[in-house]
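Step one of this worksheet: look at the structure below.
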Amino acid sequence: MDFLSQTYIALRGPTGAPQSPTDTIAKLSDRLSPSTLLADRRAAVLSLKGLTRDCKADVGERALPGLIHVLQNDTEIDADIGKAVLETLQHLCEVDEPSKELGLKHTDYFLANEQSTHTLFTLLGSSHFYIRFATLQFLATLLQNRRSAVQGYFLKAPNGAPSVISVLEDKREIIRNESIVMIQLLISQSPDIQKVLAFEGAFEKLFNIVSQEGGVEGGVITYDTLRCADGLLRFNASNQSYFRETSLPALLCSLLLFPPNLQLQDSPPQEFALQFWDQQKAANINLIIGIMGMLIGSKGSSNQETMLYVRCFVELALASNAPTLLKTQALRLLPSNLAFPLSDVILTPYMPVPETNGEEWDRLEPASALDVLVELALHGEYNGLYGDRRSKDALELRGAALNVFDNFVRKEEIKQAIIQGMLPPEVPTPAPMISPLIHALCIPPTSPLNVMNVTTTHFATLLFAHLLASSPRCKTFARSIKPSPALPPSTPGQGQFFVPADGAHPPPSVPEPDDDDAPQSLIPLFTENLSLSFLSKSRVDVAEEKEWLWEEPKAVREFLEAGGLGVLVEPINQTTETESLVPGLCAFLLGLCYEFNHEPGEITRSTIHPIISRLGVDALIGRMTHFREDDRFKSVTPESMVMSSRTSSGIGVDPNQNSVEQEAEIWFDWAFIDFWKSNHYTVQRGLSVDPNALSSSASSSSGPNAESAMLISSLRDVIRTQATEMDTLKAQLKDVTTSSSAQLKDLHARIADLEATLENVEGNKKDVEKEQEDLLVLLDEMSTKRRPGQGADEGGWFGGVRGRGGGR
């Protein structure tokens with residue numbers, strides 16, 4: 001009591017004298033001096049803390065140096081004064097609307113000396129609850145105000161990284177949660193800090209927190225922790241490489257209940273395919289999928305890891321009850337150079353039982369991933385069960401499936417295999433099977449319009465256009481496709497692959513034979529449907545026509561002979577001020593037909609030229625220019641081709657409307673926009689070219705022309721001929737090599753025989769030489785033995801001879 005009384009009297013001043021807040025703050029600031037007692041400094045800090053709310057500027061101006069001094073010297077000694085000074089500094093540096101500049105000014109003063117910030121990182125190692133908690137809050141405030149300065153001091157702090165990592169291991173949930181928020185701010189746009197924390201074990205600590213919180217079933221803490229892990233990995237190749245060396249990549253799949261060691265021929269468990277979903281769980285899995293997609297698209301990813309993640313994404317998007325947004329994200333994160341065998345992987349899709357609120361599901365017949373992907377693009381989620389709802393999210397999912405299909409068929413051999421599978425069988429059958437894609441392409445427009453059928457046909461044209469793009473052989477094969485004249489009836493939104501697993505396929509309906517209705521190819525059929533679309537005011541789908549007719553004179557001739565010229569001219573004449581798409585598209589197709597009409601036929605370039613002159617070249621170019629300026633053209637991006645239906649009609653969108661309920665529509669995909677931007681100038685220039693010229697570039701010095709195209713074609717023929725000759729020479733070389741091998745084998749056999757003969761001869765020679773040596777030795781021995789009595793013997797011998805002679 002005496003202490004409090006003395007403090008009160010000292011602050012009050014002489015009896016009866018008025019005390020202003022400035023004088024009080026000045027006296028309290030003096031008591032922060034190290035010469036005063038610790039208890040006096042504690043009381044002064046508590047008093048200044050109470051005054052910061054109403055006198056923030058005065059407290060900061062007079063007491064901030066003393067508060068920083070107390071922070072550096074007294075906080076580790078006394079926890080109470082440490083808590084009070086940290087909270088006071090927190091109040092002074094907070095940035096709110098009335099005193100934003102003041103908070104930044106105090107922050108700059110505090111950060112003027114790096115020792116103050118180093119003290120904060122040292123205090124993170126304290127075990128006292130309030131010291132740690134207040135330090136984390138104050139660091140978060142400093143990072144929000146001046147992130148770069150704090151990050152620079154952190155890299156120089158002697159114990160910065162270990163102190164931050166130690167806070168993640170705190171058993172107290174409040175401390176741990178506050179540390180996650182602070183770390184998110186600390187690592188923002190700082191690859192160096194991200195590396196430091198990663199190599200200190202931040203990944204392991206963060207995913208331990210995720211496991212402790214219940215995995216993806218956890219709440220906001222799991223979400224913040226996964227955001228922190230995402231921040232450590234994104235745009236940081238070093239951390240991504242380090243992350244792959246740990247056991248955590250497999251843990252990501254385990255968090256999704258997807259087995260990390262699942263083989264390609266095995267199916268994932270039902271616990272993965274069918275789960276209960278809420279908004280927080282979807283947000284958590286959204287972050288995990290983002291991390292997995294980041295690892296797929298970065299350098300250094302192993303083939304095994306990539307295939308595992310791609311399989312997980314395919315199963316999640318095509319054979320699970322995940323929310324639509326998650327399925328869309330999974331498809332978008334698949335690599336553009338997709339090497340996953342979609343046609344070989346068998347999926348088991350599911351469909352919700354109506355009126356069960358998603359609690360009961362039907363297991364459908366297994367189908368290949370490619371078939372399920374095409375069905376998703378054609379009919380929508382769950383085989384078109386909710387196809388009548390043209391929601392933005394549903395169309396985004398179908399657009400993502402379309403992009404995956406485009407990436408998958410970029411290889412020429414895959415395109416050709418799919419197109420050849422659509423060709424009619426060599427042996428006619430009573431009820432020929434028809435591809436779902438061809439069936440969707442051939443659905444004629446109806447009046448009144450069926451929105452589901454129109455959307456299905458639109459996506460079918462986009463899929464078919466991707467098969468024909470930049471592939472002359474596929475265009476040639478496609479002209480041989482002749483669908484059955486009597487297509488089987490289909491329920492709107494009902495696909496061709498999906499039937500319940502416990503049911504049987506419905507018996508195929510055999511159409512009545514009609515001698516007068518012979519099968520016709522696709523181009524005349526498309527021309528007829530295009531004319532019906534104009535009559536019924538339906539959506540005009542020209543994606544496959546523009547791909548098919550481009551640089552394909554035979555297809556242009558077939559289109560013109562099917563009545564395409566009259567179909568295009570009529571909408572150009574009937575223009576309105578509000579509609580620009582149909583006239584612009586028809587003008588473009590007309591110019592395309594004129595540009596590539598080089599095949600002999602009834603309708604030639606000379607036939608089309610008077611029509612173009614009557615319509616007016618400038619008018620046609622104006623139609624195309626007006627088309628390009630349309631919002632429905634400009635709104636398409638490589639990321640999304642979906643736009644709000646209200647936007648396209650000129651009505652504003654309600655910002656409070658849920659994206660799931662918001663009506664949307666599609667007009668073009670990015671492939672069409674890119675094709676138009678790349679080639680519309682060639683078409684416009686070709687409209688004013690003389691019909692006797694071979695191409696629009698015949699009178700131009702730049703750009704490809706018909707002569708160069710013919711030269712390229714001839715060179716291709718030369719290359720093809722040379723390739724054939726090379727094959728012939730290779731065959732001859734192979735024959736020569738085979739005969740040479742036989743001759744060589746015979747020579748080797750002769751050499752072996754000669755070598756054997758030579759060995760025998762040398763052996764006989766050695767024997768003869770040995771015998772000769774033995775004879776020489778024997779002769780030498782005999783000579784030696786005879787040498788002592790050689791004279792007497794010789795004389796007696798000769799004398800005896802003479803005696804015998806004389807006696808005769």
Side-chain angles (χ1 to χ4, degrees), residues 253 256-270 272-274 289 292-293 296 303-322 324 326-351 361-385 396-411 413-422 433 435-437 440 459-460 462-464 466-467 495-501:
C253 292
L256 300 179
L257 303 182
F258 188 83
N261 54 354
L262 185 69
Q263 300 298 320
L264 193 64
Q265 66 275 10
D266 298 334
S267 300
Q270 188 171 332
F272 167 79
L274 301 179
I289 292 177
M292 296 168 67
I296 289 178
N303 185 55
Q304 181 179 1
E305 176 187 296
T306 300
M307 295 295 287
L308 174 65
Y309 286 174
V310 170
R311 175 74 185 279
C312 180
F313 288 170
V314 170
E315 293 283 352
L316 183 70
L318 304 180
S320 77
N321 68 337
T324 305
L326 290 182
K327 293 182 177 181
T328 304
Q329 185 192 17
L331 291 178
R332 286 177 174 173
L333 289 176
L334 291 175
S336 57
N337 53 343
L338 184 61
F340 188 74
L342 290 176
S343 56
D344 298 334
V345 176
I346 303 301
L347 305 181
T348 304
Y350 294 87
M351 179 178 291
W361 294 78
D362 279 338
R363 181 172 56 86
L364 306 178
E365 283 291 335
S368 70
L370 181 59
D371 292 339
V372 181
L373 181 72
V374 172
E375 286 285 334
L376 175 61
L378 289 177
H379 303 291
E381 197 174 12
Y382 305 125
N383 198 27
L385 183 62
E396 289 283 6
L397 176 60
R398 297 170 74 173
L402 177 67
N403 291 334
V404 173
F405 181 82
D406 181 24
N407 294 332
F408 179 72
V409 299
R410 287 184 178 179
K411 292 184 178 180
E413 57 270 19
I414 296 178
K415 289 183 180 181
Q416 294 184 19
I418 296 176
I419 291 291
Q420 288 175 351
M422 300 178 185
M433 296 297 295
S435 166
L437 179 56
F459 274 101
L462 297 177
L463 290 169
F464 198 70
H466 290 314
L467 291 174
Q496 304 292 321
F497 294 108
F498 297 111
V499 295

Between [X] and [Y], is any pair of side-chain heavy atoms under 4.5 Å apart?
| X | Y | value |
| --- | --- | --- |
| L347 | V314 | yes |
| T348 | Q270 | no |
| L333 | I296 | no |
| E305 | C253 | no |
| F258 | L316 | no |
| N383 | L364 | no |
| V409 | I418 | yes |

Is a donor on one side and an acceptor on the other found under 3.5 Å between the side chain of R311 and the backbone of Q263?
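Looks like yes, one N/O pair under 3.5 Å.
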Mind listing the closest non-hydrogen atom pair of [X] and [Y] along with its distance?
| X | Y | result |
| --- | --- | --- |
| E381 | K327 | OE2-NZ, 2.9 Å |
| V372 | L318 | CG1-O, 3.7 Å |
| Y382 | M351 | O-CE, 3.3 Å |
| Y350 | A273 | CE1-CB, 3.7 Å |
| E375 | P436 | OE2-CB, 3.6 Å |

Test side-chain contact (heavy atoms from CB on, under 4.5 Å) applied to L262 and E315, step by step:
CA-CA 12 Å; L262 185 69; E315 293 283 352; 5.6 Å; no
Just wondering, are more than 12 heavy atoms of other shown residues or ligands nearer than 6.0 Å to CD in Q265?
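Enclosed.
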